[in-house]
Amino acid sequence: MVILHEFALSSASFRVRIALNLKGVEYKTKSYSLREGEQRSSVFLELNPAGLVPCLEIDGLKLSQSIAIIEYIDGRYPGPQLIPSDPAERAAVQAMALAIACDIHPLNNLRVLEYLEDEMGQSEQVRNRWYEHWVHAGFSALETIFQSQPERQFAAGDNISLADICLVPQFFNARRYNIDMAAYPRLLEISARASALPAFVRAAPVQPNS
Ligand SMILES: N[C@@H](CCC(=O)N[C@@H](CS)C(=O)NCC(=O)O)C(=O)O
C-alpha cells in the first residue's frame, strides 16, 4: 500500500497527490496538522527528519521532497510522462517547476512566516507583504515565459508536466491569500485549464473562500 503522509492544504502534498492521480496510483493519506505542529512530532520525524510534509511510503521506501517523489512516481509507473526525457525539454520543465518549488514556495512556507512573526517580531501585515512580494516576483517571471509561448495549452506545451503540477498548487495558495493576479492572464489561463482535469480536481483541497 502506498501511503502519503501529508496535509491537505500543503502545496507540496498537493503536487504529489496530482502526480499519483495522473499516474492512476492508488494510495491512502495520513494527515498531519501543520497548524498544530504535527510535522514536528516524533512520529513524523521518523518519516522525514526535516519535519516537512509530504513523505511518501512506497515500495519499502520513505521518500521526501515533493519533486524527488514525483520523479520517482514518474519513473516507476506508466502513464503520462511528467518529466520529459529529451534534455532540452526536461531542463525547461524543471526550470519552471523549480522557479516555483525553490524560488517562491520555501520563502513563504509556514515555518518562515512563523519565524518572521514570532522570532523577528514582525506584524501580520508585514508577513502578508512578504508573502505577496515573493509570489509576485516568481509569477512575473513565469508570466513573461508563458506570454512568449502563446500557443501552449499547458506550461510546457500540449501535455501536462511537472511544471503544471507545481503551478496549480502555488496558484491555489495565492488565491487563498487573496493576491491580485490580474497581471498574470496566461498563468491564470494555464492554471485554470490544468485545474479542470480530473486528476487535479481530485487532488485539490477544499476551494479557497468556500
Ligand atoms: N521542498 C519540500 C518542501 C516541503 C514543505 O515545505 N512542506 C510544507 C508544507 S507545503 C511544510 O511541511 N511546512 C511545515 C512548516 O513550515 O513547519 C518539498 O517539496 O517537499
Side-chain angles (χ1 to χ4, degrees), residues 2-23 25 27 29-58 61-76 82-83 93-120 122 124 127-128 130-132 134-135 138-139 142 155 161-177 179 191 195 200 203-208:
V2 177
I3 303 173
L4 178 62
H5 300 266
E6 60 139 31
F7 181 61
L9 284 169
S10 140
S11 53
S13 305
F14 190 178
R15 292 174 199 152
V16 175
R17 292 195 300 269
I18 296 167
L20 288 167
N21 292 344
L22 284 167
K23 292 287 193 173
V25 181
Y27 62 98
T29 56
K30 184 160 177 3
S31 180
Y32 299 79
S33 166
L34 301 189
R35 297 276 167 209
E36 288 171 25
E38 288 177 1
Q39 71 278 26
R40 293 185 291 273
S41 65
S42 55
V43 173
F44 187 78
L45 290 176
E46 292 250 327
L47 295 163
N48 180 9
L52 297 169
V53 293
C55 167
L56 189 71
E57 279 194 272
I58 185 167
L61 303 167
K62 290 174 193 156
L63 302 178
S64 58
Q65 289 292 347
S66 60
I67 303 294
I69 295 172
I70 294 167
E71 289 221 33
Y72 182 85
I73 295 167
D74 199 28
R76 165 78 172 74
L82 307 176
I83 305 166
V93 164
Q94 293 273 16
M96 285 184 273
L98 298 180
I100 293 165
C102 296
D103 297 345
I104 302 177
H105 177 267
L107 288 159
N108 287 345
N109 205 356
L110 181 63
R111 63 183 179 175
V112 172
L113 301 178
E114 285 179 345
Y115 194 82
L116 274 175
E117 249 183 294
D118 302 342
E119 301 294 328
M120 308 293 281
Q122 299 300 319
E124 191 181 341
R127 167 184 158 145
N128 290 342
W130 167 280
Y131 191 102
E132 277 199 36
W134 297 114
V135 169
F139 277 6
L142 283 170
S161 72
L162 177 67
D164 305 284
I165 293 173
C166 290
L167 178 64
V168 167
Q170 193 64 52
F171 228 92
F172 180 94
N173 276 356
R175 283 182 61 209
R176 204 152 65 91
Y177 275 76
I179 296 178
S191 174
S195 299
F200 286 71
V206 283
Q207 290 303 306

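We count ligands from 1, going down the list as the structure has it; atoms in each ligand are counted the same way. In what follows, residues are counted from 1 in the order of the sequence shown.
Under the 3.5 Å distance criterion, the side-chain polar atoms of Asp74 are matched with a main-chain donor or acceptor of Ile83.
How far CG of Asn109 is from OH of Tyr131: 9.5 Å, rounded to the nearest 0.5 Å. The distance from the CD1 atom of Ile165 to the CD1 atom of Ile67 is 8.5 Å, given to the nearest 0.5 Å.
More than 12 heavy-atom neighbours from other residues, nucleotides or ligands sit within 6.0 angstrom of CZ on Arg76.
Residue Arg17 is tested with Pro54, Pro205, Pro169 for a side-chain contact (heavy atoms from CB on, under 4.5 Å); the sole match is Pro205.
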Practice prompt. Check the pair Trp130, Leu107 against side chain to side chain contact (heavy atoms under 4.5 Å, CB included), reporting the backbone distance first and the verdict last.
Written response: CA-CA 9 Å; Trp130 167 280; Leu107 288 159; 4.1 Å; yes
Return a table of N or O atom pairs, ligand 1 on one side and protein on the other, at distances under 3.5 Å, rounded to 0.1 Å.
| unit_1 | atom_1 | unit_2 | atom_2 | d |
| --- | --- | --- | --- | --- |
| ligand 1 | 1 (N) | Gln65 | OE1 | 2.6 |
| ligand 1 | 6 (O) | Asn109 | ND2 | 2.6 |
| ligand 1 | 7 (N) | Val53 | O | 2.7 |
| ligand 1 | 12 (O) | Val53 | N | 2.9 |
| ligand 1 | 13 (N) | Asn109 | OD1 | 3.2 |
| ligand 1 | 16 (O) | Asn109 | OD1 | 3.4 |
| ligand 1 | 16 (O) | Arg111 | N | 2.8 |
| ligand 1 | 17 (O) | Gln39 | NE2 | 2.8 |
| ligand 1 | 19 (O) | Arg15 | NH1 | 3.3 |
| ligand 1 | 19 (O) | Ser66 | N | 3.3 |
| ligand 1 | 19 (O) | Ser66 | OG | 2.6 |
| ligand 1 | 20 (O) | Ser66 | N | 2.8 |

